[in-house]
Each structure stands twice: as C-alpha cells, then as structure tokens.
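Every number for a ligand or one of its atoms is a count from 1 in the order of the listing.
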Amino acid sequence: MYPWLVPPYHRLQQQLQRGQLAHGLLLSGIQGMGKRVLADHLAKTILCQHAINAPCKQCHACQLHRAGNHPDYHLLSGQGANIGVDTIRSLSRVLAESARLGGAKVALLDHADKMTEAAANALLKTLEEPAGQACLILITHQPERLLPTIRSRCQQWALGLPAADQVLTWLAEQGLEANTAILNINQGSPLQCRDYLNSEADNQRLSLLQDFVALPAQPQRLPQLQSAILAQPVTWLWLHFLLQDALQLAQGLSHWLKMEDCRALSRQLSARGGHQLLAAITGLRRLEQGVNLPGGRPLNRSLQLGQWLNQWITRGEKLAG
Ligand SMILES: [Zn+2]
C-alpha cells in the first residue's frame, strides 16, 4: 500500500476492530491518490477470516480475494460508463442474500458519482436497510456529484493530500525526479505525478511554454502551437500557471511561483505588465470555460484560441515597437 494511505487505513482498521465501521463508507479525495487501493485493502481486511493481523494473506478468504474469486466481494466501476439502476438492483439483491462464505460481504463502487439518479435512489434503500454484515464502499473524486441523501447515509472519509515532501520522497524511491512545479501541475497527486514523469509530458510542457513565449517573434508558428494546445487539455493549465507566475513577477511578488522551473520564461513575460497579463489570463479562462458566442452558437474553440493567440502576438508587437 502507498505510504500516504497507511494512516487512513489504520484509522479505518481501528473502527472495524471496535465495530464502529459504518456499512456505508464514502472515500473521497483527488484523483491519483490510490483510493481504490485503500478500499480494496480494507475489503480484504473485512473479509479475512482472522480477526487479528487481517488481512492475513493465508486464509481461504484472503486466497480467494487474491485470485479475484471471492464470492462475497463485488466490484462495480463507473469508469467510462454510467452505473445504471439495473446494476444497482442486482447488487442489492446479492447483498441481501446470505454470504457464501458465511462472513461479511463487501461491495466497492468505484467512480460512484457515475450512478444515474435512478441508480442512486435504488442504492439508498440498500444503505438504509443493510442485510447482514454488508459493507458498501463508495469511491469518488467528485463527492459533490453524489445525491446529498447518499452522502448523508455514508460515513465520510475525505482523504487529504499527502505532504509535498512525502510525495517527492516516494517519487524518488520510484526512480523519478520531481520538483515543486511538477507537484503543482499535478495538484500534488502522487500517482498523477508518477504518470506525468513516466510520459513525455514534462518535455512537452517546457517546449510548449517556450514556443508560447517566443510566439510574438515567430508568429508563423501559431498554427503549430494552436494544435499542440488543443491536443491536450492539460496545456491550458500550463499556460495559466505561466501567465499567473508572470503576473506575480510583474507585481514584484517573486517568492512563490507555481512553476519555479520556468522562472526565466515567466520573467520574460512579466515585461508585458500586469494589465496585459491579466487580460490574457481572463481571456484564457473564458476560453477554457467554453463561453458560448452571442446568439447561442456553440463555441468554436479552435477559432477562439487562434484569436486569443493573435491578440497575444499583436499586443506583444505593440510593446516591442
Ligand atoms: Zn485472511
């Protein structure tokens, strides 16, 4: 299990031992924290036939779980699709039956926010009238999307972000060298940082931001930059951070930049002055939010991005002239 999950796991384990664990749990926290790993480990602990040292990894229940064959363990995932009412109804039926191994029954609902309203209403009954030793673990990074009635019937476990130092140490143990900029770009999420560092994303970020800063001097590269931005939604965040950092520097605040590793670039941009930078940030935010054109026509994102970049070039030229 990931080191930052150990303290919450211990708290859950204590509640289980004291018989205080609710039969409906809601695990929330940002993406890339390993919520599913934690839920799965808790499920193993609940199902293990040994009260002490659970999960023991040796009993029949632990072996079945490892092989993915435990008859009283149920996993539903809303990844990529909605969780419909029929799925919830059949889960409720299974949970109402007695446990095959005579112990507890555990169901994990990953991406629980993907339940349709009918599915959520069907789940309410199961949460209200649990049969036997059933434990339902709902997992989501968007708890606000769940019906308030679902949330209020669950014991809520909101997982806080691990400390930056812990994430950096863990990444180093995986052979990955990170910095605070990489943490900020990935919202401090350790698994997102790992995936980011295992991909080409960091090189892409640095080269995209360099191209953006150089754009007024090389306007012919606009189409290339435009497609690079449109290809990956995360590039909007990179641009935001760069512009915000530039604004900070323009205002004489240089202590805490989102992307310390791009300080030279944001320093260069800060020459544009606070007014221009703020206008650029506002424009970018409007684009990102998908503001519709007057008359209700849907936003042509590519066109508007092109306009935004053109404005950026023109204003830069004025400044240079
Ligand atoms: Zn066991």
Item to complete: Please lay out, stage by stage, how D40 and K35 fare under the test salt bridge (Lys or Arg N to Asp or Glu O under 4.0 Å).
Response: CA-CA 9 Å; D40 202 56; K35 295 184 290 297; over 6 Å; no
Worksheet entry | Plane angle bin for F212 and W312 - parallel if under 30°, tilted between 30 and 60°, otherwise perpendicular | parallel
Discussion item. So, 2.8 Å as the limit: is an N/O/S atom of H60 located closer than that to the Zn ion (ligand 1)?
Written reply: no
Item to complete: Give a yes or no on whether C59 keeps an N, O or S atom under 2.8 Å from the Zn ion (ligand 1).
Response: yes
Worksheet item: Taking atom CD of Q226 as the centre, does the number of heavy atoms from other residues, nucleotides or ligands within less than 6.0 Å exceed 12?
Response: yes
Item to complete: Nearest 10° is fine: what angle sits at the Zn ion (ligand 1) between SG from C48 and SG from C56?
Response: 100°
Discussion item. Can you tell whether the side chains of R285 and E288 come within less than 4.0 Å, N to carboxylate O?
Written reply: no
